[in-house]
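Presented below is the structure to which this report refers.
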Amino acid sequence: MMEPRERLIFALDVERFGDAQKLAGLLKGHVGLFKVGKQLFTHAGPKVIDMIRNKGERIFLDLKFHDIPNTVAKAAEEATKLGSAMFTVHSMGGYEMMKRAVESSRNIAKHLNIPRPLILAVTILTSMDEVILEEVGIKTPLKQQVVRLATLAKRAGVNGVIASPREIRLIRDHCGAHFLIVTPGVRPASATKDDQKRTLTPGEAVRAGADYIVVGRPIKEADDPVKAADEIVEEIS
Ligand code: C5P
C-alpha cells in the first residue's frame, strides 16, 4: 500500500535553478515526487536532478521521449542512470520504441545495481481533440485511440499511462488494476482551474482510480505551498 503522500507528484514548472532549489527545499517531505519537465531540464540539465535527489527526494523526469527506437532506448538508459524514479515516453512512437525503452532501462539498472524507474506512456495529449487528431490523419474516435495506445503500452511492458481525469475509468477497465494511472488536471475544490478545463479534485481522482496525481500551480502559487501540499495529501488519504 502506498502512503497518501507518495501519490502526490508536484510539477516543478519553474524557469530557474534557484526557484527549483527553493521549492524543493520547502516541499521536501511533503510530496511524493518532483516532476521535472522540458523547460527546467532544458535550462538546468542533470544538475537539477542531482539537487533534488541530494535532498533525498524522488524524481519524475517528464521529457516524453518520442523518436526512433534506438534513440529512445539510449535516452531511457540515461534517464535511468540519472536516478529518475519515473520517466515518460510517447505511446505514438509505437510498440517497438516502448519495448526498447523498457528493456534498456531494465538492463542498465541491473548492470549498475540501481532501482529500475517506472516508465509511463503518454497516450493522446489532453491538448488534442478529434479535430486535431484528424489534422494529423487519425480518424479513430479519441477515446478508442486512447484505449488502443494504453493497451499497446501495456503490451510493450510499460508500467502505466498519463491520463486525463476523464479517461481514468476507461483505462482502468481496459488495462486492469495493476496498470498505473497518473493524472494531471487535478484541482483542490478551493483552487482556481488555471488553463485546465476538465478537472477533478484530488479525492475524486483517486476514487476514480488514479494511482498518482500531478499538481503544479495550486501548490507553487499558494501563499503557503507546504500547507497547500499537506491539504492535498490529507484529501488523498
Ligand atoms: O500547474 P498544473 O497543476 O496545471 O500542472 C500540471 C502539470 O501536468 C504540468 O506540468 C503539465 O504540463 C502536466 N500535464 C498536464 N496535462 C497533460 C499532461 C501533462 O497538465 N495532459
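Ligands are counted one by one from 1 in listed order, and the atoms in each one are counted from 1 as well. Fair warning: this is a prediction, and the values are worked out from it, not measured in the lab.
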(request) Report the distance from atom CG of L120 to atom CG of D62, rounding to the nearest 0.5 Å. (result) 9.0 Å

(request) Verify the distance criterion only: is there a donor paired with an acceptor across the side chains of S105 and T80 at less than 3.5 Å? (result) yes

(request) Assign the ring pair F34 / F10 to parallel, tilted or perpendicular, where the plane angle (0 to 90°) is split at 30° and 60°. (result) perpendicular

(request) Could you tell me whether K99 and E103 have a side-chain N and a carboxylate O separated by less than 4.0 Å? (result) yes

(message) Do R172 and D211 make a side-chain contact, defined as non-hydrogen atoms from C-beta onward lying under 4.5 Å apart?
(response) yes

(request) Write out the protein residues near ligand 1, meaning a non-hydrogen atom under 4.0 Å from one of its atoms, in order of chain and number. (result) A11, D13, K35, T126, P184, R187, Q196, V214, V215, G216, R217, P218

(message) Under 4.5 Å side-chain heavy-atom separation, chaining through any Ile, Leu, Val, Met, Phe, Trp or Tyr, what else clusters with I108? Say none if it is isolated.
(response) L112, I114

